[in-house]
Number of protein chains: 2
Amino acid sequence: MDLARLIRSIPDFPVKGILFRDITTLIRDGEAFQEAVDQMVERYIDTEIDVVAAIDARGWIFGAPLAYELGAGFIPIRKPGKLPAETVKASYTLEYGTNTLEMHKDALTPGTKVLLVDDLLATGGSAKAAIELIEKLGGQVVGVAFLIELVDLHGRDLLKGYDVFSMIPFEGA
Amino acid sequence: MDLARLIRSIPDFPVKGILFRDITTLIRDGEAFQEAVDQMVERYIDTEIDVVAAIDARGWIFGAPLAYELGAGFIPIRKPGKLPAETVKASYTLEYGTNTLEMHKDALTPGTKVLLVDDLLATGGSAKAAIELIEKLGGQVVGVAFLIELVDLHGRDLLKGYDVFSMIPFEGA
């Protein structure tokens with residue numbers, strides 16, 4: 001199945017100049033959604049993974065089924081003010097502004113093997129911040145997985161040293 | 001497994017007077033997360049379901065694996081301004097303020113069988129608004145599933161006529 005063709009491109013969202021890659025047209029198709037998750041499961045089925053951490057909110061759409069299938073726990077990484085208990089924080093610059101991510105301090109114990117999941121690799125800023133959070137707590141990032149990679153933005157460069165996997169490459173920003 | 005015991009209660013979050021039921025302590029445990037999803041899968045495995053619609057953001061943590069397991073599509077219902085294409089909107093009153101939910105206009109075609117999923121049934125306002133969105137587009141709500149139900153808030157009354165399922169009842173608001 002050509003998953004890339006199921007992704008809709010919407011110009012100037014959320015701000016002018018950004019070509020937004022809309023996954024809702026892929027995931028509303030049960031077969032396509034299953035195939036996308038299955039491709040991730042296949043990639044990680046032989047990797048030792050304790051928990052899947054995924055970035056609020058679209059990252060959860062893939063991270064949660066992946067955690068379920070791998071028998072791993074699920075750790076939500078969230079925008080500020082959403083998590084109710086004590087958190088660690090990390091900030092980053094994204095394509096259009098800056099942002100902060102939080103994770104519960106008790107989400108991980110040192111040595112926990114973590115697979116980080118998000119829907120889209122753009123500049124890599126949010127993934128880098130998420131890695132910072134995981135490592136602050138002593139977690140070990142065993143992989144970073146994305147559905148889509150905007151290859152021209154070279155987000156992989158920011159994630160050098162980590163095992164980065166993406167399923168659908170798009171050219172152009 | 002006693003899933004209820006894995007849920008942490010945090011007083012005065014997000015505002016004073018609310019006892020927040022924190023699911024992060026359940027879902028970080030891979031076995032517990034799997035069991036929670038499995039209980040939902042078991043409940044709906046024999047129901048004809050085309051898509052699972054789930055409410056931004058915690059509803060996605062259960063809705064996405066459930067869609068995956070059932071071979072159904074996944075429809076995100078989101079807070080305003082998050083969905084890039086044309087949407088339908090519905091507003092509701094929640095425990096602490098008011099809110100609006102959106103769904104893509106092309107998320108559903110008339111007659112689509114929809115299972116609605118969220119993490120928590122409180123007053124039922126957000127679920128009711130989500131049902132409104134689904135029905136506006138001609139979708140048929142075949143079930144409404146929650147991980148947690150705050151039984152004293154009587155959210156079920158607002159959802160009368162729908163098949164409501166919840167896994168973990170809590171007393172008190």
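Keep in mind that this is a model prediction, so the values were computed, not measured. Sequence lines set the chain letters: A, B, ... in the order given, protein chains first and strands last, and positions in each chain run from 1.
For Lys113(A), the NZ atom sits in a packed shell: over 12 heavy atoms of surrounding residues, nucleotides or ligands are nearer than 6.0 Å.
Contacts of residues 23-47 of chain A with chain B at a heavy-atom distance below 4.5 Å involve Thr24(A), Ile27(A), Arg28(A), Asp29(A), Gly30(A), Phe33(A), Gln34(A), Val37(A), Asp38(A), listed in sequence order. Within residues 125-139 of chain A, no residue has any heavy atom less than 4.5 Å from a heavy atom of chain B. Heavy-atom proximity under 4.5 angstrom to chain B picks out Pro84(A), Ala85(A) from residues 84-91 of chain A. Contact residues of residues 67-77 of chain B toward chain A are Ala67(B), Tyr68(B), Glu69(B), Gly71(B), Ala72(B), Gly73(B), Phe74(B), Ile75(B), Pro76(B) (heavy-atom distance under 4.5 Å).
Comparing Leu108(B), Asp12(B), Asp22(B), Asp56(B) by how many heavy-atom pairs each has under 4.5 Å with chain A, the most go to Asp22(B).
Note on Tyr162(B) and Leu158(B): separate hydrophobic clusters, where clusters join Ile, Leu, Val, Met, Phe, Trp and Tyr whose side-chain heavy atoms are under 4.5 Å apart, directly or indirectly. Linking ILVMFWY residues whenever their side-chain heavy atoms come closer than 4.5 Å, directly or via other members, leaves Val151(A) and Leu3(A) in distinct clusters. Criterion: ILVMFWY side-chain heavy atoms under 4.5 Å apart, direct or through other members. Under it, Met1(A) and Leu147(A) are part of a common hydrophobic cluster.
The side-chain heavy atoms of Arg58(A) and Arg78(B), taken from C-beta on, include a pair separated by under 4.5 Å.
Looking at Ile61(A), both its backbone and its side chain come within 4.5 Å of chain B, counting heavy atoms on both sides. For Leu66(A), no part lies near chain B; criterion is any non-hydrogen pair under 4.5 Å. At a 4.5 Å heavy-atom cutoff, the contact between Asp106(A) and chain B is made by backbone and side-chain atoms alike.
To the nearest 0.5 angstrom, Leu83(A) atom CG is 7.0 Å from Phe13(B) atom CZ.
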